[in-house]
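Since the structure comes first, as structure tokens, the remarks are kept for the end.
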Number of protein chains: 2
Amino acid sequence: MAKSDKKRGASFLNGVPNLLILKLLSRREMYGYELVRSIQQASGEALVFAEGCIYPLLHVLEEEGCISSREQAINGRTRLYYLLTGKGEQRLAEMEREWDRVRQGVVQALNWEPVS
Amino acid sequence: MAKSDKKRGASFLNGVPNLLILKLLSRREMYGYELVRSIQQASGEALVFAEGCIYPLLHVLEEEGCISSREQAINGRTRLYYLLTGKGEQRLAEMEREWDRVRQGVVQALNWEPVS
DNA sequence: TTGACATGCCTAAAAGCTTTAGGTATAAAT
DNA sequence: ATTTATACCTAAAGCTTTTAGGCATGTCAA
């Protein structure tokens with residue numbers, strides 16, 4: 001494998017799963033497996049995150065008190081439904097602001113014309 | 001320190017230094033120390049990356065052949081000026097496309113209305 | 001002239017997040 | 001009966017940025 005073919009993991013995705021989980025759960029209750037596919041769908045197939053990313057994030061968010069869970073049995077399978085808490089709403093607002101701040105910063109830098 | 005006060009590093013910055021270095025160097029030759037401050041300035045003070053992030057990235061990009069360097073002595077200090085190569089232009093185009101793809105995906109997901 | 005600060009380069013360890021690559025179990029479909 | 005989809009989970013690897021230094025020269029004020 002040529003040196004130029006090395007993986008370039010700089011994928012602009014850091015923090016996006018966290019933001020989108022909170023956003024989707026602010027609209028309605030969802031369970032983990034559902035979130036994985038809903039993020040994909042909601043982003044127009046642009047964003048796909050592995051279960052190995054989503055499930056641990058849900059556990060952290062619940063520990064932090066940003067979401068709460070409720071168990072429900074469906075067809076013999078058990079689903080863990082999550083929903084945003086008040087604290088989660090605050091966190092979501094913070095993250096949306098931060099996303100916008102970064103987005104604007106990048107856009108501005110990309111369009112920046114150096115003062116000659 | 002309360003559990004809720006833990007560091008939340010999800011900062012949406014992954015890959016941004018790489019993108020902006022290439023973008024700024026596509027406009028004119030710059031040296032590392034200059035890049036650190038130019039990124040900050042060009043983003044309207046929104047984005048600040050440490051030297052410990054920028055310098056190693058420059059070395060990697062040069063190894064990959066995306067940028068080339070030229071040494072110049074100024075006032076007894078030595079500056080390493082970098083400039084984009086043809087390959088670097090390609091890489092920049094790829095990364096701009098990827099940034100846009102992710103940006104659009106996030107915007108779409110944030111504005112997404114679930115079909116009830 | 002000495003002390004502080006900005007310039008200009010560098011690196012290694014720590015911290016953080018996502019991917020990869022599994023594992024377990026039940027229901028549905030072929 | 002076997003494969004596929006559902007539904008949960010975790011640990012290790014892989015990448016990137018931050019933190020926290022180090023080294024050396026020039027400038028400016030005290």
Side-chain angles (χ1 to χ4, degrees), chain A residues 1 5-22 29-40 43 47-64 69-82 95 98-99 102 105-106, chain B residues 1 5-22 29-40 43 47-64 69-82 95 98-99 102 105-106:
Chain A
M1 185 167 71
D5 291 341
K6 269 192 306 186
K7 284 269 166 49
R8 299 191 300 279
S11 43
F12 307 117
L13 296 176
N14 208 298
V16 172
N18 205 316
L19 170 63
L20 296 188
I21 286 174
L22 292 174
E29 212 181 27
M30 294 179 92
Y31 55 98
Y33 195 76
E34 189 184 9
L35 271 166
V36 170
R37 290 168 311 171
S38 289
I39 288 175
Q40 185 171 351
S43 67
L47 309 176
V48 182
F49 299 103
E51 294 175 27
C53 172
I54 300 301
Y55 284 117
L57 256 175
L58 288 171
H59 302 155
V60 171
L61 285 170
E62 184 168 28
E63 265 184 55
E64 293 178 333
S69 67
R70 175 177 77 81
E71 217 173 300
Q72 181 158 2
I74 304 277
N75 296 336
R77 277 194 290 272
T78 297
R79 290 178 181 170
L80 263 170
Y81 279 91
Y82 292 92
M95 292 196 76
E98 178 63 8
W99 160 258
V102 169
V106 172
Chain B
M1 185 168 68
D5 292 341
K6 268 192 306 189
K7 282 268 166 47
R8 299 190 300 279
S11 42
F12 307 116
L13 296 175
N14 208 296
V16 172
N18 206 318
L19 170 63
L20 295 188
I21 286 173
L22 292 174
E29 210 180 29
M30 294 179 95
Y31 55 99
Y33 195 76
E34 188 184 9
L35 272 165
V36 171
R37 289 168 311 171
S38 290
I39 288 175
Q40 185 171 350
S43 67
L47 309 176
V48 182
F49 298 104
E51 296 174 25
C53 171
I54 300 302
Y55 284 118
L57 256 177
L58 287 170
H59 302 155
V60 170
L61 286 169
E62 184 168 29
E63 266 184 55
E64 293 177 333
S69 68
R70 174 178 78 80
E71 218 173 299
Q72 182 159 359
I74 303 278
N75 295 337
R77 276 194 290 271
T78 297
R79 290 177 182 171
L80 264 170
Y81 278 91
Y82 292 93
M95 292 196 75
E98 178 62 8
W99 160 257
V102 170
V106 172

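What you see below is based on every heavy atom in this structure, not just the backbone, and it leaves out hydrogens, waters and symmetry mates. Because the structure is predicted, anything quoted here is derived from the model rather than measured. Below, read A as the first sequence line, B as the second, and so on, with proteins coming before strands; counting in each chain starts at 1.
- Of all nucleotides listed (D:dC8, C:dC10, D:dT17), C:dC10 comes nearest to the side chain of B:L80.
- Ranking D:dT17, C:dC9, D:dC8 by closeness to the A:R79 side chain, first place goes to D:dC8.
- At whole-Å resolution of the value, CG in A:L35 and C1' in D:dA7 are 13 Å apart.
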Taking it one step at a time, do A:I54 and A:I39 satisfy side chain to side chain contact (heavy atoms under 4.5 Å, CB included)?
-> CA-CA 10 Å; A:I54 300 301; A:I39 288 175; 4.1 Å; yes
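- Nearer to the 5' terminus of DNA chain C, by closest-nucleotide assignment, is the contact made by B:Y55 (compared with the other of B:Y55 and A:I54).
- As rounded to whole Å, 10 Å separates atom P of D:dT17 from atom CD1 of B:I39.
- Rounding to whole angstrom units, CG of residue A:N18 and C1' of C:dC17 are separated by 10 Å.
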For the pair A:L13 and B:N14, evaluate side chain to side chain contact (heavy atoms under 4.5 Å, CB included) and give the outcome as yes or no after the intermediate values.
-> CA-CA 7 Å; A:L13 296 176; B:N14 208 296; over 6 Å; no
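- Ion pair B:E29/B:R70 flagged as a salt bridge, since at least one NZ, NE, NH1 or NH2 atom sits closer than 4.0 Å to an Asp/Glu carboxylate oxygen.
- Among the heavy atoms of the strands, none lies under 4.0 Å from A:E34.
- Atom CD of B:E71 and atom P of C:dC9 are 10 Å apart (whole Å).
- Look at A:H59 and you won't find any side-chain N or O under 4.0 angstrom from OP1 or OP2 of D:dC8.
- A:L47 has its CG atom 18 Å from the P atom of C:dC17, to the nearest Å.
- Protein atom CZ of A:F49 is 13 Å distant from nucleotide atom P of C:dC17, rounded to whole Å.
- Here the side chain of B:R37 is nearest to one of D:dC8, C:dT18, C:dG8, namely C:dG8.
- Heavy-atom distances to DNA chain D give each of A:G52 and A:T78 a nearest nucleotide, and the one nearer the 5′ end belongs to A:T78.
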Could you check A:L35 against A:F49 for side chain to side chain contact (heavy atoms under 4.5 Å, CB included), going step by step and ending with a plain yes or no?
-> CA-CA 10 Å; A:L35 271 166; A:F49 299 103; over 6 Å; no
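- Under 4.0 angstrom from either OP1 or OP2 of C:dT7 there lies at least one side-chain N or O belonging to B:Y33.
- At C:dA27, none of the side-chain N or O atoms of A:R77 fall inside 4.0 Å of OP1 or OP2 (strictly under the cut-off).
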Side chain to side chain contact (heavy atoms under 4.5 Å, CB included) assessment of B:L19 paired with A:F12 | CA-CA 10 Å; B:L19 170 63; A:F12 307 117; 4.1 Å; yes
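- Within the nucleic acid shown, B:I74 has no heavy atom closer than 4.0 Å to any nucleic acid atom.
- The side chain of B:Y31 places an N or O atom within less than 4.0 Å of a non-bridging phosphate oxygen (OP1 or OP2) of C:dG8.
- Taking atom CG of residue B:N14 and atom P of nucleotide D:dT17, one finds them 5 Å apart after rounding to whole Å.
- The distance from atom CD of A:E51 to atom P of D:dA11 is 16 Å, rounded to the nearest whole Å.
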